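The block underneath contains the structure these notes are about, expressed in structure tokens.
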Amino acid sequence: MAEKISKKDIGKLLSQWNQEFAVFVPSKEGDATKMARWDGEDTSFLDWYRNTVIPPKASFLPSLEEMFRFQKDKGSYQLELPVSDGQKQLIFAIRPCDANAVAILDMTFKDGYEDPYYLSRRKNTLLVGLGCTNPGESCFCTSLGSDPFDSTNVDIMLSDIGDEFLIEGVTKAGKELIARTGGLEEATEADDAKAKEVKEASYRKVTRKIDTKDIGEKLSACFENEDYWEKVAAKCISCGICTLLCPTCYCFDINDELVKQEGTRIRSWDSCAFPIYTKMPMENPREKKWHRVRQKVCHKYEFYPMNFDVIACTGCGRCIRLCPVNWDIAQTIDSVPAKA
Ligand code: SF4
Ligand code: SF4
């Protein structure tokens with residue numbers, strides 16, 4: 001049986017969890033919103049939150065991070081690695097699409113080479129999902145096998161049932177946390193029925209649909225169709241926003257900053273939309289804009305499924321909402337020519 005908690009007691013719930021975890025909640029930073037460390041008091045995000053502009057991937061793959069420091073010492077180098085404080089973190093109110101995106105990122109960061117920076121944060125993190133009762137016009141998660149209350153990749157799932165949240169443990173870690181959390185009440189059959197009603201209504205509110213049937217084959221067949229990709233890419237200005245803020249994009253650059261004998265190795269987000277992304281001494285294989293737009297679309301809908309058997313797009317709609325020229329990946333997917 002699920003538990004429940006009154007919305008007015010969410011501060012108390014977060015205070016309890018804050019003793020064990022570094023709790024992150026939806027927060028405003030200027031015009032942007034992101035998951036940021038809870039200040040111990042403010043729960044006003046419950047009134048304005050739909051989804052964050054900066055995706056929760058930033059909690060595992062920060063936009064800028066120091067990988068290590070180094071010191072040149074008589075022809076060799078001394079390295080100083082960052083020391084993890086081992087702090088457990090809890091991300092509160094992550095949307096199902098973004099939790100699915102984290103699961104997609106896990107595949108990349110575990111594949112072959114295991115990325116210690118990403119994985120150490122990931123293994124110390126509990127995801128508490130909050131179902132969407134008000135999906136955006138650009139959302140299309142239901143076309144990608146998910147839905148606004150999909151709990152597949154969270155540890156605990158919250159459902160808004162009016163004045164209260166229904167709370168369900170999903171993973172062992174999530175169920176154990178609920179078991180040691182005070183102040184919860186057992187949900188009634190009427191609460192479960194209300195949650196079911198809310199979930200069904202939310203599913204119906206996702207009206208944007210795309211057809212992903214045979215999309216990998218269709219993209220493969222039109223890979224060399226320059227006319228098509230030129231048209232698709234026409235209005236893109238290569239600003240990179242769609243990729244930097246996509247919850248499943250993970251490209252990064254690595255640079256050394258050196259002052260005299262001391263330096264720092266930095267990793268920072270990068271984007272395949274930038275013309276210099278693939279610049280090499282002899283050539284640039286994606287010099288033209290349409291090459292890069294094609295790469296973005298095919299990587300998500302053709303190449304990632306070939307490697308991991310999953311489309312690397314969750315239908316979160318961020319790239320549509322945030323593109324300065326209204327480029328639309330959903331429209332693009334629907335415009336891919338049928339196989340000849
Ligand atoms: S956000 Fe829009 S304009 Fe910028 S790179 Fe992406 S598609 Fe192009
Ligand atoms: S491609 Fe666009 S809709 Fe898909 S996950 Fe990335 S930001 Fe969301």
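Just so you know, these numbers come straight off a predicted model, no measurement behind them. Note that ligands are numbered from 1 as they come in the structure, with each ligand's atoms numbered from 1 the same way.
Within the listing of ligand 2, atoms 4 (Fe), 5 (S) sit less than 4.0 angstrom from a heavy atom of T314. Within ligand 1, the atoms closer than 4.0 Å to a non-hydrogen atom of V325 are 3 (S), numbered from 1 in the order shown. Proximity to F140 (heavy-atom distance under 4.0 Å) selects the following atoms of ligand 2: 3 (S). Those atoms of ligand 2 with a heavy atom of G317 less than 4.0 angstrom away are 3 (S), 8 (Fe). Close contacts of ligand 2 with K300, meaning ligand atoms under 4.0 Å from a residue heavy atom, involve 1 (S).
Nearest protein neighbour of atom 4 (Fe) of ligand 2, counting heavy atoms only, is C313 SG, 2.3 Å. Closest to atom 6 (Fe) of ligand 2 among all protein heavy atoms lies C246 SG, 2.4 Å.
One finds no salt bridge joining E287 and R292 here, because no Lys/Arg side-chain nitrogen approaches an Asp/Glu carboxylate oxygen to under 4.0 Å. The residues R208 and D328 are annotated as salt-bridged, a charged nitrogen and a carboxylate oxygen being separated by less than 4.0 angstrom. The existence of a salt bridge linking D106 and R122 is confirmed by a sub-4.0 Å separation between a basic side-chain nitrogen and an acidic carboxylate oxygen. Under a 4.0 Å N-O distance rule, the pair K7/D163 does not qualify as a salt bridge. Electrostatic pairing of K34 and E29 counts as a salt bridge here, judged by a charged N lying under 4.0 Å from a carboxylate O. Ion pairing between D9 and K12 holds under the 4.0 Å rule for side-chain N and carboxylate O.
The distance from atom 8 (Fe) of ligand 2 to the nearest N/O/S atom of C316 is under 2.8 Å.
With waters neither drawn nor counted, the protein N/O/S atoms under 2.8 Å from atom 6 (Fe) of ligand 1 amount to 1.
Grouping the Ile, Leu, Val, Met, Phe, Trp and Tyr side chains by contacts below 4.5 angstrom, directly or via other members, places V170 with I178.
Judged by the 6.0 Å and 45° rule, R121 forms no cation-pi pair with F60.
The salt bridge (charged side-chain N to carboxylate O under 4.0 Å, His left out) search around E185 returns none, not counting sequence neighbours.
For the 3.5 Å distance criterion, the side chains of N100 and S146 qualify, holding a donor opposite an acceptor.
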